[in-house]
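Comments concern the structure below.
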Amino acid sequence: MDFGLTETQELVRRSAREFLAERSKPAHVRAMAGDERGYGEDLWRDVAGLGWTGLLVPEQYGGSGLSFADMAVLLEEWGASLTPGPLVETAVLAADAIARFGDDRQKREYLPKIATGDLVAVPAITDAQAQAPGSSGTGMTGTGVTARGRGGAWRLNGQKMFVNYALSAGAYLVSARVEGAEEPAVFLVPSRGAGESAISPLHSASGRSTCAMNLRDVMVPAVARLGGEEDGGAVLARLNTLGAVARALQMAGAARRVLEITVQYVSNRRQFGRPVGSFQAVQHKLADMALMLQGARHTAYRAAWELSEGRPATRETAVAKMAMNEALSRICSMAHQAHGAIGFTWEYDLHLYTRQAISWRAEFGDTPSHREALAAEMGL
Amino acid sequence: MRFAFTPEEEAFRAELSAFLDDALPPGWTGPADESREDHWALTLRTRKELARRGWPTMSWPVEYGGRASPPMMSLLFAEEIAYRRAPGNDRFGTRMIGPILMAAGTEEQKRRHLPAIARAEVQWCQGYSEPDAGSDLASLRTRAVDDGDELVVNGGKIWTSLAHRADWMFMLVRTDPDVPKHKGISMVLVNMKTPGITVRPIINAAGHHSFNQVLFDDVRVPKENLVGALNDGWRVGTALLNFERANIDYIAWAQRTLDELSDFARTATARDGRPLSKDPDTRRRLAEFAVEIEQARLITYEAAWRQGRGETPVAEASMSKLMGSDVNLRVHEYGVELLGMFGQLEPGSPHARLEGRILKLRLAYISGPILAGTNEIQRNIIAQRGLGLPRE
């Protein structure tokens, strides 16, 4: 067991903290929450300049070819500052899926532009059926969009929901049910080729950059399919696995920041002639928050490490998302309680975390869906 | 970053597991009941066999017969033994008084006691808590009065595990009642055969005799049995206790029972004739416990890793104890529920499922959040030492 970081990871962590503390302050987060594109171009350009968009992209395609464990450290900081921007969607999910399942042409076409930050590519893998618990994440097989094959092309029709940064994206990874086949498929759909697809922002508690996307007779060539005829399920599973672990890492960062904010608050706020943080009830609440963070954070890094070792990490992913879903939600709730009324204002930054926790909790597998995956892994 | 054991660590665990396969009676589910003579004989035998292999003291310095193994190896030792519910892990000797003597004992004390501990020839008990000194241990009142070459001890200790089997006790006594409470305490070693010592069993809520009250009536303790300087006992006697809080036992016990409950669920049927393991609520509860246990385990592994680097992970050790003892009790509470009406049946009862041991353990593990520093105290430590919050 080694709970330490490599030099590269220490460097990534330090530079991420410094950069994001300066460039992704709460005021920026608030401003982007009301923006339908959802992130700042300047920030994204500088993020690319730091090599973060290409961190996972293989070197031969212009990236750094680092591991998911290295990316994990960055993701924690990205989450701690609630930084708006398609880092996970593009630099993790799209980059990994294309590198893993793409053919040479697809890799050459997409990966270098992802590495330079010139292309934002986002998954479109959630459907209207995600309205019930247990249905987001691995359980979804893209039934909201149907792909009909004709000649050397596919015609896509249907609706995807919760497509992050849809209005900024240059390409989408669209999951679809394939007419006449059992196995789903994931298609690389350029935004310019998205035909008459209407994109409408969904007004989430965490911002306006997640969208519904209606696809009407969107034509894509046969070569737009990612992976072979039997690979669709695996592509989706991979997107959901990496998405879940990426969110878990962001959530670990956010939870850490919420705890820090709360410790600072209760240390300074005085009532009855002493800091409220000197009362045992408050101390015990914060101790429980620290405990939850400690355990859950370890499970997120464990899953990241397993993935970086090239293993499927099915069990570890389920454990991490379950642990972090619970930890971040409860840490935010307990933080509100420890803050009293001031923490309940729009002006105070705490609700930014609470709001983000709501969407992250459900994304890439809510607790019921990961719990069921874990139960299956346990042989129950 | 690495979340796996080394080949050496895995090899050690396999070797220990094979040893336990041989050493434990066939079909052993444990734990040992130390008031049963056959179980106590098994305990002594197992400890001697483990001692022959040098495992219980492997973290000891080489000069005292150990291997200077990193804390992670000791943790693996403890984890496997606890998972198997095997007897033989003698914490009082190998993990408490042994290290205390190495740090603060005289050469004579080390010479006299350490080899015997390493060879599993002696049983120790810990005389700390008193009826009026639990969480507020420093308020202890058992008095030791200077009488020339000896201290004369009067008072009483309570919740003293294994005092009824012990050869020696390491205890904290009040040697100066006129100074602030932490400054008037000494640590002494007491031979349990010394005249004036009375051990009274206390039966616990699980119906077992594992701890005791120990009364001292003019018990004469040679001054050479003082550990560390007079009135320095608080420091000597408590500094090392924090490390022991990073205790993998609770987690291993919880995992063992979770595994047994999962096995049970796969075969036992519910009302609809399907296995319990297909019931959504059962799947939910078992999966949730698996996640909690995993978290407690990683917290504990990290504490051991830090200790191995020479750090003093105070907050992490408290987190380990808090979470481990808590989830262990709740797994067993759930286990009793999972057995439905049959959860209440005692060991030996006709038709008891899993031989009634889930109930027995569920009652015994009530003590986890209380002993070794209550979980409330652990939260204080996490808040004050970990988060830097001010003391009241």
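Of the two parts of A:R315, only the side chain, counted from C-beta on, holds a non-hydrogen atom closer than 4.5 Å to a non-hydrogen atom of chain B. B:E376 touches chain A through backbone and side chain together, each having a heavy atom under 4.5 Å away. Only the side chain of A:Q9 comes within less than 4.5 Å of a heavy atom in chain B; its backbone stays farther off. For a residue to count as touching a neighbouring chain, one of its non-hydrogen atoms must lie under 4.5 Å from one of that chain's; by this rule B:M1 touches chain A with backbone and side chain alike. Contact annotation for B:R266: only side-chain heavy atoms (C-beta onward) come within less than 4.5 Å of a heavy atom of chain A. Neither the backbone nor the side chain of B:A296 comes within contact range of chain A; no heavy atom of the residue lies under 4.5 Å from a heavy atom of that chain. Using a 4.5 Å cut-off between heavy atoms, A:R302 contacts chain B through both its backbone and its side chain. Contacts between A:M292 and chain B at a heavy-atom distance below 4.5 Å involve the backbone alone (N, CA, C, O).
Interface check for chain A: of the options B:L286, B:I382, B:N380, the most heavy-atom pairs under 4.5 Å are formed by B:N380.
A side-chain contact (heavy atoms from CB on, under 4.5 Å) with B:I248 holds for exactly one of B:T300, B:L76, B:I81; it is B:T300.
Between A:F272 and A:F279, the ring planes are perpendicular. Angles over 60° get that label, and only those under 30° would be called parallel.
B:T29 and B:R256 are not linked by any side-chain donor-acceptor pair at a separation below 3.5 angstrom, with hydrogens and angles left out of the test.
A cation-pi arrangement is present between B:R353 and B:F342, with the terminal nitrogen or guanidinium carbon under 6.0 Å from the aromatic centre and inside a 45° cone about the axis.
Between A:E77 and A:R256 there is a salt bridge, with a side-chain nitrogen of the basic residue lying less than 4.0 Å from a carboxylate oxygen of the acidic one.
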B:Y250 and B:Y365: CA distance, side-chain angles, deciding distance, side-chain contact (heavy atoms from CB on, under 4.5 Å) verdict: CA-CA 9 Å; B:Y250 307 109; B:Y365 291 145; over 6 Å; no
